[in-house]
Colleague: 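I'd like to ask some things about the structure below.
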2 protein chains.
Amino acid sequence: MATIKDIAREAQVSISTVSFAINGTGPVAPETKKRIMEVIERLNYHPSSAARGLVTRMTNNICLYVPHPKSNIFTFHGNNLINDMLQGIGESIDEKDYNLLLAWEQPGSETDAKIMSLVNKKAIDGILFFNPTHNFKPIYELIKQKFPFVFMGRFFDNEPIDIVDIDNFDAGYRNTVHLIKLGHKNIGFISPGPLNYLVAGDRFEGYQEALRDHNIRYNEHYFYLGDNREASGYSALETFLKLKEPPTAVVAGRDIQAVGMLQYAQENGILVPEDIAIVSFENSQLAELHDITSIRTDLYRIGREAAKLLLQAIGRRKERQTQNIIIPSDIVIRRSCGSVLNPE
Amino acid sequence: MATIKDIAREAQVSISTVSFAINGTGPVAPETKKRIMEVIERLNYHPSSAARGLVTRMTNNICLYVPHPKSNIFTFHGNNLINDMLQGIGESIDEKDYNLLLAWEQPGSETDAKIMSLVNKKAIDGILFFNPTHNFKPIYELIKQKFPFVFMGRFFDNEPIDIVDIDNFDAGYRNTVHLIKLGHKNIGFISPGPLNYLVAGDRFEGYQEALRDHNIRYNEHYFYLGDNREASGYSALETFLKLKEPPTAVVAGRDIQAVGMLQYAQENGILVPEDIAIVSFENSQLAELHDITSIRTDLYRIGREAAKLLLQAIGRRKERQTQNIIIPSDIVIRRSCGSVLNPE
DNA sequence: CTGAAAGCGCTAACAC
DNA sequence: GTGTTAGCGCTTTCAG
C-alpha cells in the first residue's frame with residue numbers, strides 16, 4: 001500500500017506539499033499539484049483514515065442510533081419509511097464524504113453502553129438519534145461534553161438541542177378536523193401505543209385540540225389504548241360499537257389498527273366509510289393496499305435535514321444556536337374516510 | 001481527554017505496561033494491573049480507536065453493503081426481515097466489539113465507488129454483501145486484495161468465496177411439491193422479479209425441478225413474470241384464468257403478489273383455496289394478515305452466521321478454506337394452500 | 001511556494 | 001515484569 005511518503009518521493013516533493021495538494025490546506029504551484037495528482041493516480045493512493053483521524057480528531061463517521069431491531073418501535077413508522085429515512089441521510093452524508101454507522105443497544109446491556117462507548121473511543125463524530133421514546137439518559141452526558149447530535153423526533157425536555165421532527169400534534173389535529181369537516185361529531189381515537197411515547201401523546205393531544213376547537217366535548221369512552229397489532233384495531237372498533245352512542249368515525253393510531261378495524265367491520269357487516277369512517281397515520285403499504293386515508297410522514301426529508309444539521313454541528317464546534325426543524329406531513333385521502341375533499 | 005500517558009503517569013508505570021494491562025498482550029503483575037485499572041476507571045479513559053487503528057491496521061468496523069434504499073430489491077424479503085438480519089449481525093459483532101457501517105451506492109455514481117473507497121482508505125475491516133443481484137464488479141478486486149468479505153445470498157461464479165444463503169431452489173421446490181402433494185397438477189408460477197436475479201431464478205428452477213420429479217410437464221403458459229407490486233399478482237391470476245386449461249394452484253413469487261391474487265379472486269368470485277390454491281415466499285406481515293401459506297426465511301440466522309464468518313475471516317488473514325453455509329427455511333402453512341398437512 | 005520536523009495516541013519489539 | 005523506544009501515516013506549524 002502506498003503512503004504519502006511514496007507519493008512525495010515519486011513526485012519529488014516533501015510530504016507536506018503532498019498533504020497540501022490533497023487537502024487544499026496550503027498553497028501549491030499548479031504544476032507541482034498536477035505532478036502529485038498524477039503520482040497519486042498512478043500508485044492508487046488513498047489517505048489512511050486512521051492516520052488522518054489521529055491528527056484531525058475526526059473520523060468522518062456518524063452514527064445512526066436506533067432502537068433494537070426486535071423492538072416494535074423500530075417499525076413504528078412503517079417499514080418502507082425507514083428506507084426513505086436512510087436515503088435522506090445518505091444524500092446528506094455523501095456530500096461531505098461521511099460514513100454511516102448503525103448502532104443500537106442489545107437488550108439486557110446497559111441502556112447507553114454502546115453509544116457512549118462509540119463516543120468515548122472516538123469512533124464517531126456525531127449522532128443521529130432515532131428513538132420514539134423520550135426517556136434518554138446519554139443525552140445529558142453528550143450535552144455536557146458538547147458532543148454533536150441531532151434528535152429525530154420530539155424530545156420533551158427543554159434542553160437546547162437540535163431536533164428534526166414531524167408535527168404529530170398537527171397530524172392528529174388534521175386527521176380529526178378532516179373527520180369533523182365531513183360532519184362527524186362522535187369521533188373515536190385509538191392510540192398507536194402508550195401515551196408516554198411522544199408520538200402517541202402528541203397525536204392524541206392534536207385530536208383533543210381539534211375537538212375543542214370545534215366545540216365537541218371529549219368523550220373518554222371514545223379513547224382506546226392500542227398497540228402495534230391488528231387485533232388492537234379490531235377490538236377497538238368492537239368496543240366502540242358496543243357503546244350506547246358509538247362513534248361514527250375513528251382516528252386510528254396506525255395503519256395496522258385501521259386494517260384490524262376493517263377486518264371487524266367486514267366480519268360484522270359494518271360498512272366503511274358509510275357506517276364508520278376511518279383515518280389513520282403512517283401511509284404505509286397497508287394503507288395503500290386497503291384504501292385507507294392516512295397521514296404521510298416524510299421521513300426522507302427528516303433524514304436529509306437531520307443529517308445535514310448534524311454535519312453542520314460537527315463542522316463548527318463553536319457555540320451555535322440549536323435548531324428545531326419541523327417537517328410538514330400531509331394527508332393522503334382514500335376511500336376509508338368517505339371523502340375526496342381535501343382537508344382544510 | 002485522558003490518554004495512555006496520563007494513565008501511565010498516574011499509575012506510576014510505563015505506557016507499555018498500561019497497554020499490556022489493557023489488551024492482555026504482555027505479562028503484568030496482578031497488583032500493577034489492579035492499580036492501572038483503577039486509574040483508568042477514575043480518569044474515565046478509553047483508548048482512541050484512531051490511534052489504535054493506525055498501528056494495528058484494524059478499525060473494528062465492518063460494512064453491511066446493501067442496494068440503494070430506494071431500490072425495490074432492498075425490501076425484497078419483506079421489511080421486518082431486514083430487522084431480523086440486523087439483529088443477527090448485531091449479536092455476532094457485539095461479541096467481538098465490532099461496529100456496523102451501513103453503505104450503498106448512490107444511483108448515478110460509479111457502481112462500486114463507495115465500497116472501494118471504504119476499502120481503500122481503510123475505514124473497514126470486512127464487508128457483508130447483501131445484494132440479490134449477482135452482477136458484482138468489486139468482488140474480483142477484493143479477492144485479489146485478499147480483503148475479507150462474506151456474501152449473503154448466492155453468487156453464481158465459482159470463485160472460492162464465503163457465502164451464507166438460503167436455498168431458494170429448495171424453497172421453490174418445496175412450495176411446489178407441497179401443492180403437488182395436495183393433488184395439483186396444473187401449477188402456475190409467478191416470478192418475484194426478473195429471472196436473472198438469482199432469488200427469482202433459483203425459485204423458478206426449484207419449481208421446475210419439482211414438476212419434473214413428479215412427471216408433470218412444464219407448461220410455459222403457467223409462467224408469469226412478476227414484480228414487487230400487488231398488481232403483478234392480480235394480472236397473473238387474471239392471465240392464468242383466461243387459459244383454456246387454467247392452473248388450479250399457483251406458486252406466488254412473493255407475498256404481495258399473493259395478495260394481488262387474493263384481490264382478483266375476491267373481485268371475481270373465485271374461491272381461495274377451493275378454486276385456486278396459493279403458496280408464496282417471504283412469510284411477511286402480509287402473509288400473516290391474509291392467511292397465506294408462505295416460506296419463512298430465517299434472515300436472523302443468515303445475518304448471524306454471515307457476520308460470524310466474516311469476523312473469523314478477519315481474524316485469520318492467512319489462507320483459509322472458504323465456507324458455504326446454507327440456512328434452511330421452512331414453510332408456514334396457512335389457509336391459502338388448502339391444507340394443514342405438513343409438507344413432505 | 002516548499003521542506004523539516006514535531007507530534008496525534010497507541011502497539012510491540014527489544015532490552016533489562 | 002517493566003521500561004525504552006521506534007514507528008503506524010498523516011497534518012500542521014514554522015522556517016526559509
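By convention in this document, chain letters (A, B, ...) are assigned in the order of the sequence lines, proteins followed by strands, and residues within each chain are numbered from 1. Bear in mind that the values here come from a model prediction, so they are computed numbers and not experimental data.
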Colleague: Rounded to whole Å, how long is the line connecting atom CD1 of A/I15 with atom C1' of C/dG7?
Modeller: 12 Å

Colleague: Between the two ends of the helix from C/dC1-D/dG16 to C/dC16-D/dG1, what is the bend in degrees, rounded to 10 degrees, where each end axis spans five pairs?
Modeller: 40°

Colleague: Between atom CG in B/L54 and atom P in C/dA12, what is the gap in whole Å?
Modeller: 12 Å

Colleague: Does a side-chain heavy-atom distance below 4.5 Å link B/I115 with B/C63?
Modeller: yes

Colleague: Please name all residues satisfying salt bridge (Lys or Arg N to Asp or Glu O under 4.0 Å) with A/D298, sequence neighbours left out, ordered by chain then number.
Modeller: none

Colleague: In whole Å, what is the span from the CZ atom of B/R52 to the C1' atom of C/dA12?
Modeller: 13 Å

Colleague: Run the side-chain contact (heavy atoms from CB on, under 4.5 Å) test against B/S14 and tell me which residues pass, sequence neighbours left out.
Modeller: B/S16, B/T17

Colleague: Report the residues that fulfil side-chain contact (heavy atoms from CB on, under 4.5 Å) with B/E91, sequence neighbours left out, ordered by chain and then residue number.
Modeller: A/Q106, B/Q87, B/Y300, B/R304

Colleague: What I want to check is whether the side chains of A/T322 and A/D162 have a donor and an acceptor closer together than 3.5 Å.
Modeller: no

Colleague: Give the first and the last nucleotide of DNA chain D, reading 5' to 3', that has any atom under 4.0 Å from a heavy atom of chain B.
Modeller: D/dG1 to D/dG9

Colleague: Using whole Å, what does the distance between atom C1' of nucleotide C/dC10 and atom CE of B/M1 come to?
Modeller: 16 Å

Colleague: I'd like to check the side-chain contact (heavy atoms from CB on, under 4.5 Å) partners of B/I139; sequence neighbours left out, ordered by chain and number.
Modeller: B/F129, B/F136, B/I143, B/F149, B/F151, B/F155

Colleague: Taking the nucleotide of DNA chain D with the nearest heavy atom to each, does B/A29 or B/A51 sit closer to the 5' end?
Modeller: B/A29

Colleague: Only counting residues at least two apart or in another chain, list the ones meeting side-chain contact (heavy atoms from CB on, under 4.5 Å) with B/N23.
Modeller: B/S19, B/T25, B/R52

Colleague: Between atom CD1 in A/I4 and atom C1' in C/dT2, what is the gap in whole Å?
Modeller: 14 Å

Colleague: Looking at A/R57, does any N or O in its side chain come under 4.0 Å of the phosphate oxygens OP1/OP2 on C/dG9?
Modeller: yes

Colleague: Show the atom names and distances, to 0.1 Å, of all donor-acceptor pairs under 3.5 Å that link a side chain in residues 32-45 of chain A to residues at least two apart or in another chain.
Modeller:
unit_1: A/R35; atom_1: NH1; unit_2: A/A11; atom_2: O; d: 2.3
unit_1: A/R42; atom_1: NH2; unit_2: A/E10; atom_2: OE1; d: 3.3
unit_1: A/N44; atom_1: OD1; unit_2: A/H46; atom_2: NE2; d: 3.0

Colleague: Tell me, which of residues 20-28 of chain A have any heavy atom that sits under 4.0 Å from an atom in DNA chain C?
Modeller: A/F20, A/P27, A/V28

Colleague: Output all residues satisfying salt bridge (Lys or Arg N to Asp or Glu O under 4.0 Å) with B/K114, sequence neighbours left out; order by chain, then residue number.
Modeller: A/D94

Colleague: Taking only side-chain N and O atoms of B/S19, does any of them lie within less than 4.0 angstrom of OP1 or OP2 on C/dC10?
Modeller: no

Colleague: Closer to the 5' end of DNA chain D via nearest nucleotide, is it B/S16 or B/V55?
Modeller: B/S16

Colleague: Expressed in angstrom and rounded to an integer, what is the separation of A/K122 atom NZ from C/dC10 atom P?
Modeller: 7 Å

Colleague: Going by salt bridge (Lys or Arg N to Asp or Glu O under 4.0 Å), name the residues that satisfy it together with A/K122, two or more places apart in sequence or in a different chain.
Modeller: none

Colleague: Mind checking salt bridge (Lys or Arg N to Asp or Glu O under 4.0 Å) for B/E141 and listing every partner two or more places apart, or none if nothing turns up?
Modeller: B/K144

